[in-house]
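What follows is a single structure, written as structure tokens, with notes after it.
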Amino acid sequence: MLRLEHISHFYGQEGILHDISLEIEEGSFTVITGESGSGKSTLLSIVSTLLKPTEGKLYFDGLESRDIRHLNRFRKEEIGFVFQFHYLISHLTVYENIAMASNRTRQEIEALLTSLDIAELSGKYPDEISGGQRQRAAIARAMINEPKYIFADEPTGNLDSGNSQIVFDLLRGLDATVIVASHDHSKIKPTDRVITLKDGRLC
Amino acid sequence: MFKSFLRYKYKTVLILISATAAIASIFLITALGNGIISMYASMLKTDGDIIVMQKGVADTFFSDINRSLLAPISKINGVRSAQGVIVGAGAIDTVPIAGIYGVTRNRFGNYRLQEGRYPEKSGEVIVGESIASILHDPEKITLMGKPFRVSGIYRSDIGFENGGVVIAISDAESLFHKSASFLLVSLQDIDGDSVRVIDAIKALDPDIDVKSTTEFIDNYNQFKIIRISSNVIASISFFMGFLAIVSLMSMMVNDRRYEFGIKRAMGISQVTIVFHILVEVTVLILIAFALAYGISVLLLDQLQHIEKFQGYLSGEIDAGLFFRLLAGTVLMAMIGALIPALIAARIDPIILINRGQ
């Protein structure tokens, strides 16, 4: 289980998040929604350990994030992150982008690419493939270590409707605790847990 | 590990060119500075273990010593030979100023003849190969307005001597109105005889200063000034060059903060990221160093043969300079890369990614 206790975050004097406390069940699919500037991305960065909160505590299965001794290893083994702009490293091929953060064999990586229908892109560079393909490659990178938690920040922000649906379906089908920040309400299903933010506060 | 270099060839080539230029400038400036000192030192050290000059005169140029001392000096036990030299400068044909070396007959052999013969009578001159190439008349020459006949062309290992002329010391006496600038004494056994012979020469005339050439080179004001100037210029060159390398590497690493952010978000440790950076930077800087060394050696070789410089520009890259510069370059590149890398390692990954976009 993932638990947030009184999380607040400031950039200088400007408050981005204010006193956020919540719990997220293991294996659930959660959508953080809210208007642009409401603090969705900041909250997602904090719960994924990519940003230290100014105040408050974050627990993974009862262990406070600051007490995690090997945070890099924890990120590598327990967390997968899908960014809005995919953030694949441009001088590495799709295969190398995925292999860089994993000890999996070539066969395992290629099997994953096949399951995401991008096996033929393995040797291509990010600027040689489409936006939807890049986002699928980014999801493959997030999935490769079979992490317990997958975080996705506006993963469909730059995709057309068809590709957006594919990406959401992919994320929803993962065997992990998935938290997605998205302003797109159309992709939310009744079974999803929805957390709404407004001006950095829970609604 | 080096895919970023290959993927961004243009950027890599630009960094390589800049680093090569910075290293080559250090090589060239330092080598030329060292070369000037080395040439002066070589001139005095050649066939001379002891130098005798006028007492209380700071510069050989202004020294005036009676060359009749050569005879009693030659008779001192342990002396192999004694030579007299007048060092002067004046107009040679259309060249407004160049070196004129008046030497005793027994010093002619220091100037390797390329053609012709050594001066045998008054009014004859041998010319350095650099100055020979710009003479209007290969047979005749004027030194400070007086006509001389060219009897031969010489080549000297001391670069600037190639840009001058050599005449008999008696002819030089009439041009510069002095008997000799200094006397050079070579010994049969420099370690065993040096102190005794110096004392014996001093006893010949109270108005002379006698030193071993090694001591003279270490203490001579002109050398001190050249050495200090050369060291200051070399230090500035080192500083500027190293600053350029630090800035280049720093920019290169800063440029990739976004990539570091992504790698850290993927769980790659800071140590691994920094190690990769250092390996990349070291390889890049070693390539730049090798290129700079090659270019410098080539340029230094060409500079010595440019007529315009008359052999005055001569540089040498010795092992000390090579390894000092190699160590300094690699160290500076690492510092340049390490500082931004370590700063980046302390910043939250998402901030690195957002700033680096």
Side-chain angles (χ1 to χ4, degrees), chain A residues 9 11 16 41-54 65 68-93 95-103 125-128 138 140-145 147 149 151-153 181, chain B residues 1-16 249 251-281 283-284 287 337 340-357:
Chain A
H9 195 71
Y11 287 121
I16 307 297
S41 293
T42 304
L43 181 60
L44 203 72
S45 297
I46 288 171
V47 293
S48 60
T49 75
L50 299 187
L51 181 66
K52 283 189 275 296
T54 313
S65 58
I68 298 170
R69 284 189 66 190
H70 300 289
L71 190 58
N72 290 315
R73 193 188 300 165
F74 181 79
R75 282 193 194 125
K76 187 172 182 176
E77 293 172 357
E78 304 287 338
I79 290 176
F81 204 104
V82 182
F83 301 93
Q84 179 178 1
F85 298 103
H86 67 78
Y87 291 152
L88 296 168
I89 294 174
S90 55
H91 61 263
L92 300 180
T93 62
Y95 170 80
E96 288 163 343
N97 263 285
I98 297 164
M100 137 187 113
S102 170
N103 299 325
Y125 289 96
D127 57 6
E128 295 171 341
R141 184 176 62 184
M143 288 168 64
I144 187 64
N145 292 324
Y149 305 94
F151 303 95
D153 185 10
Chain B
M1 196 182 285
F2 305 105
K3 287 207 76 169
S4 63
F5 292 165
L6 300 172
R7 185 84 172 133
Y8 303 111
K9 290 186 190 83
Y10 179 66
K11 207 180 208 174
T12 307
V13 167
L14 272 183
I15 290 173
L16 209 56
M249 294 306 150
M251 269 158 47
M252 193 181 99
V253 174
N254 262 327
D255 210 31
R256 292 171 64 182
R257 284 199 303 184
Y258 153 83
E259 181 188 327
F260 305 153
I262 295 171
K263 284 183 172 172
R264 282 185 53 207
M266 298 300 117
I268 298 173
S269 73
Q270 286 97 319
V271 174
T272 308
I273 296 171
V274 170
F275 175 74
H276 283 179
I277 293 167
L278 289 184
V279 172
E280 283 185 18
V281 160
V283 168
L284 195 69
I287 294 170
L342 289 176
I343 291 170
R346 296 174 62 174
I347 298 173
D348 285 326
I350 200 73
I351 295 174
L352 282 178
I353 294 169
N354 290 338
R355 279 186 195 167
Q357 273 183 84

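Since this is a predicted model, take the numbers as computed values, not measurements. In the text below, chain A, chain B and the rest are named by the order of the sequence lines, each starting its count at 1.
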A:Glu78 portion near chain B, given a 4.5 angstrom heavy-atom threshold: neither

Side-chain heavy atoms of A:Phe81 within contact of B:Ile262, under 4.5 Å: no

Non-hydrogen side-chain atoms of B:Met266 and A:Arg141 separated by less than 4.5 Å: yes

For A:Ile68, all residues meeting side-chain contact (heavy atoms from CB on, under 4.5 Å), sequence neighbours excluded: A:Phe60, A:Leu63, A:Ser65, A:Leu71, A:Phe74

Contact residues of residues 342-349 of chain B (partner chain A; heavy-atom separation under 4.5 angstrom): B:Asp348, B:Pro349

Side chains of B:Lys263 and A:Ile89 in contact at under 4.5 Å (non-hydrogen atoms): yes

Reported CD1-to-OH distance for the pair B:Ile353 and A:Tyr87, which is rounded to 0.5 angstrom: 6.5 Å

Heavy-atom pair with the smallest gap, counting every atom of A:His91 and B:Glu259: CE1-OE1, 3.0 Å

Heavy-atom pairs under 4.5 Å with chain B, option from A:Ala101, A:Ser41, A:Pro147 with the top count: A:Ala101

Sub-4.5 Å side-chain heavy-atom contact between B:Ile268 and A:Met100: yes

From B:Ile350 atom CD1 to A:Ser48 atom OG, the distance as rounded to the nearest 0.5 Å: 6.5 Å

Most chain B-contacting option - heavy-atom pairs closer than 4.5 Å, from A:Ile144, A:Ile79, A:Leu50: A:Leu50

Gap between atom CG of A:Asn72 and atom CD of B:Gln270 - 0.5 Å precision: 4.5 Å

From NZ (A:Lys76) to OG (B:Ser269), nearest 0.5 Å: 8.5 Å

